[in-house]
Each structure stands twice: as C-alpha cells, then as structure tokens.
Amino acid sequence: MHSLNLATLNIILRCSLSCNENIQENEKHPYTEAVHEIMKLTMERISKPWYFLSLILYKMSATGKEYMKHVNYVHRFADEIIAKRKKAITDDPSLLQKKKKLDFLDIIMTAKDESGSGLNDEEIRDEVNTFMFAGHETTKATMGWAIYNLGKYPEEQETLFQEVCDLTGDRKNIEWEDLGKLQKMSMFLHETLRMYPPAGSTTRSLTKPLDIEGVTIPAGNLIHVSIVAIHYRPDVFPNPTEFRPERFLPENTENRRPYAFIPFAAGPRFVCLCFC
C-alpha cells in the first residue's frame, strides 16, 4: 500500500500541479507520512470529544502538538509548490499563455469572481491541500481494494486481462483514447467503489428543512450521510455483499436513482481541508 501511496501522490502532483518531484524514487516521503499521521491522530481526536470543546486545549496536549507538527509540514509543502509557480510566472509573465492547457494550480491562481477578485494565498493553499491530500489518499485506497478484488476473484482478473489484450493488440501501453472502451474494467472499478467507497460517509448542511419519516430537521443543521449504508441497500443492490460488476451494465443502471451510487459523495459542497 505504501508504494500505491507514493504512486498516487506522484500522479496528482504531476497532473494537477505540474510538479515533477519523482516521489516514487523514495522509499518513504515525508508528505505521505504526515498525511498518515494526521488521519490517525484525527481518528484518535474523534474518540475524545472534549478536545472539540477547546482548540487551545487540544493544541496544548501532546497529541495536539504532534498533530500540528504534521499539519504545519503539509502547509509548508503546499506553500513551496505555490511559491515556485508564482516565481515562475513573475520571471516569465507569458508563461501561462505558452501552455497548451492550464493545470489546476494555474486555474485557481488566476481565477476571478464577478468583481475581479481572486483567491488569497491562504485560500489557494486550502484548495491545493484538498486536491493533494484527498486526491491521492482516496485514489490509493481504491487501487488497494481493486488489487484485493483482482486477487480474490481470479476469473474477473482474467476477464480484465483479456479485455486489455484485445484492445491494445501489439501495443505495450494503453492510450488515452482506450479508456472509454474498457467497459469491463469500468464495471469492475465501479463495483469496487460500491463495496469499498474511499469515503465511508459525508456531511451536508441543510439549506432548507428536511422531512424524514415525519421528523423535520431544521435548516442550518449538519446531517451525516452514510455512503456505505446507501451502497449496501438490498432493494437497490440485491445481495449487496456479493461482488458483481454486472450491476453496472447499462441496462442495470438506466433506471437506478442517481444518488444510489455516490462513492465520492454528490451534490453542492464546499470542500476544504482546514486542519483545525
């Protein structure tokens, strides 16, 4: 799993931030180590509700100090990437015009609202943190479960192997245009995401009252949505504990409600890892 962590971080850095750091050449990388510790310490904090009563109290504790050490490193890592891009643009004002396509960092650094205002430095860092942190960790988890399912279901592995061989022929590599043609691979990954969603749950803030079986929850409240529970509803996915990629054949999905399968959540949301 550690190799997957390095691979997904390397990919997200290159694709979204044009950052070529050759992460995979290291046995370990401090960023992936910091993310692991932040997640572990977050779960520990959740088990001790009194830490939520006072952020100052939490930061004074030994656990809080360890947590903030890793958070500060994650912030510095993002700040360094942003600073390098700003310097590159300052040194060559036409840099963005020369690019065939802007990456994620280019877009958020140059984005303006209706009044012409852009994101400040902290907001840019928050977006970069979210993309790097959530982007590589969730992908790593999905790849790990996909490998698990390939080993557990060798007949599925053989099916996918044959599909790739039939598509690529004498070619050694899969091209971008091939991705939309790998139907069995797509169904396999969808079923993996159904059974093992990278985010087991999410929260949403109600913009209007919500009625559930006669109980009204007022607007402004946060509600907890269990993605795992949704994906294991037997009335939507019969025998939900069984691995069945054919659930995602076109004829089996055309009448399915759009929110019956939400491995990465759905709907309007503001996503920001503020690490507070």
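Note: hydrogens, waters and symmetry copies are ignored here, and every other heavy atom, side chains too, is used. Bear in mind that the values here come from a model prediction, so they are computed numbers and not experimental data.
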> Do any N or O atoms from the side chain of Ser61 and from the backbone of Gly64 form a donor-acceptor pair under 3.5 angstrom?
Replying inline: yes
> Below 4.5 Å, heavy atoms only, C-beta onward: do Leu222 and Ser205 meet side chain to side chain?
Replying inline: yes
>> Taking Thr32's backbone N and O only, do any of them form a donor-acceptor pair with His36's side chain (distance below 3.5 Å, no angle check)?
In response: no
> Quick one: are Ile124 and Glu127 in side-chain contact, heavy atoms under 4.5 Å?
Replying inline: no
> When hydrophobic residues are tied together by side-chain contacts of less than 4.5 Å, even through go-betweens, does Phe161 share a cluster with Leu179?
Replying inline: no
> Between Thr139 (side chain) and Gly135 (backbone), is there a donor-acceptor pair under 3.5 Å?
Replying inline: yes
> Stepwise, does the side chain to side chain contact (heavy atoms under 4.5 Å, CB included) test hold for Val35 with His70?
Replying inline: CA-CA 8 Å; Val35 168; His70 296 297; over 6 Å; no
> More than 12 heavy atoms of other residues, nucleotides or ligands under 6.0 Å from NZ of Lys84: is that the case?
Replying inline: no
> For the atom pair CD (Glu137) and CD1 (Ile12), what is the distance rounded to the nearest 0.5 Å?
Replying inline: 12.0 Å
> Between Phe248 and Phe261, does the ring centroid distance fall short of 6.0 Å?
Replying inline: yes
>> As an exercise, state the distance from CG of Leu17 to CG of Leu105, rounded to the nearest 0.5 Å.
In response: 5.5 Å
> Does Thr8 use its side chain to pair, donor to acceptor, with the backbone of Leu4 at less than 3.5 Å?
Replying inline: yes
>> Counting C-beta onward and ignoring hydrogens, is there a side-chain heavy-atom pair between Glu191 and Met187 closer than 4.5 Å?
In response: no
> Would you say the side chain of Val74 lies within less than 4.5 Å of the side chain of Tyr31, judging by non-hydrogen atoms?
Replying inline: yes
> Would a 4.5 Å heavy-atom cut-off, applied to side chains only, mark Ile223 and Ile212 as touching?
Replying inline: no
>> Between the side chains of Asp121 and Arg125, is the shortest nitrogen-to-carboxylate-oxygen separation below 4.0 Å, so that they form an ion pair?
In response: no
>> With heavy-atom distances below 4.5 Å as the criterion, would you say the side chains of Tyr67 and Thr42 are in contact?
In response: yes
> Hey, are Asp106 and Lys101 close enough for a salt bridge, meaning a charged N less than 4.0 Å from a carboxylate O?
Replying inline: no
> Is it true that a side-chain atom of Asn252 and a backbone atom of Glu246 form a donor plus acceptor pair closer than 3.5 Å?
Replying inline: yes
>> Within the 4.5 Å heavy-atom criterion, are Pro245 and Lys184 side-chain neighbours or not?
In response: no
>> To the closest 0.5 Å, what do you measure between CG (Asp178) and CD (Glu163)?
In response: 10.5 Å
> Is there a path of hydrophobic side-chain contacts, each under 4.5 Å between heavy atoms of I, L, V, M, F, W or Y residues, that connects Trp176 with Met185?
Replying inline: yes
> Is there a donor-acceptor contact under 3.5 Å linking the side chains of Asn149 and Thr192?
Replying inline: yes
>> Please determine whether residues Leu119 and Ile107 belong to a single hydrophobic cluster, defined as Ile, Leu, Val, Met, Phe, Trp and Tyr linked transitively by side-chain heavy-atom distances below 4.5 Å.
In response: yes
>> Please find the pair of heavy atoms, one from Pro197 and one from Val228, that lie closest to each other, and give the distance.
In response: CG-CG2, 3.9 Å
> Judged by atom type as modelled, is there a donor-acceptor pair below 3.5 Å linking the side chain of Gln24 to the main-chain atoms of Leu6?
Replying inline: no
>> I need the Met132 CE to Phe104 CZ distance, nearest 0.5 Å.
In response: 10.0 Å
> So do Met68 and Asn72 actually touch side chain to side chain, heavy atoms under 4.5 Å?
Replying inline: yes
>> I need the Arg85 CZ to Ile108 CD1 distance, nearest 0.5 Å.
In response: 9.5 Å
> Within 45 degrees of the axis of the six-membered ring of Phe237 and under 6.0 Å from its centre: does Arg247 put its NZ or CZ there?
Replying inline: no
> How are the rings of Tyr73 and Phe77 set to each other: parallel, tilted or perpendicular (split at 30° and 60°)?
Replying inline: tilted
> Is there a donor-acceptor contact under 3.5 Å from the side chain of His136 to the main chain of Asn10?
Replying inline: no
> Would Ile38 and Leu41 show up in the same hydrophobic cluster when neighbours are defined by side-chain heavy atoms closer than 4.5 Å?
Replying inline: yes
> Does NZ or CZ of Arg194 fall inside the cone over Phe243's six-membered ring, less than 6.0 Å from its centre and within 45° of the axis?
Replying inline: no
> Counting only N and O atoms by type, is there a donor-acceptor contact under 3.5 Å from the side chain of Arg257 to the main-chain atoms of Tyr259?
Replying inline: no
> Any donor and acceptor pair, going by atom type alone, linking the side chain of Tyr196 with main-chain N or O of Thr142 inside 3.5 Å?
Replying inline: no
> At what distance, to the nearest 0.5 angstrom, does NZ of Lys140 lie from OG of Ser3?
Replying inline: 11.5 Å
